[in-house]
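Just so you know, these numbers use all the heavy atoms, side chains as well, and skip hydrogens, waters and symmetry mates.
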Amino acid sequence: MAKVMISMPQELLEEFDKAAKSRHKRRSELLKDLVMEFLHQGEIGSFLKKNPQKSIREQIDDLREHTFKMKAGETAEDLIRKMRDSR
């Protein structure tokens with residue numbers, strides 16, 4: 001898995017950490033969920049909004065096979081790489 005470094009104001013980072021903690025997630029996990037939600041706001045975003053009882057990760061997992069035609073064992077990272085490589 002690739003690592004990234006981002007910069008943000010300390011106050012924002014503190015708020016982000018509180019949000020992650022309240023959801024029992026690590027920073028990286030919450031950030032990954034937020035990025036995936038942002039990237040898939042179209043058809044998938046409307047599905048996510050209609051199904052708030054499931055976590056974002058569970059909802060995306062439910063949609064992976066049908067929307068992205070992902071192979072078993074393929075990750076979102078693999079899909080993003082393929083999309084980037086096809087540009």
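Under the 4.5 Å side-chain heavy-atom criterion for grouping Ile, Leu, Val, Met, Phe, Trp and Tyr, Ile6 is connected to Leu30 within one hydrophobic cluster.
Not counting sequence neighbours, the partners of Arg27 by the salt bridge (Lys or Arg N to Asp or Glu O under 4.0 Å) test are Asp17. By the salt bridge (Lys or Arg N to Asp or Glu O under 4.0 Å) test, Arg81 pairs with Glu77, sequence neighbours left out. Every residue two or more places apart in sequence or in another chain that forms a side chain to side chain donor-acceptor pair (under 3.5 Å) with Gln10 is listed here: Glu14. Residues that satisfy the side chain to side chain donor-acceptor pair (under 3.5 Å) test with Glu15, not counting sequence neighbours, are absent from this structure.
Closest heavy-atom contact between Phe16 and Leu34: CE1-CD1, 3.7 Å.
The CG atom of Leu13 lies 10.5 Å from the OG atom of Ser7; values are rounded to the nearest 0.5 Å.
A heavy-atom distance below 4.5 Å is not found between the side chains of Asp33 and Arg23.
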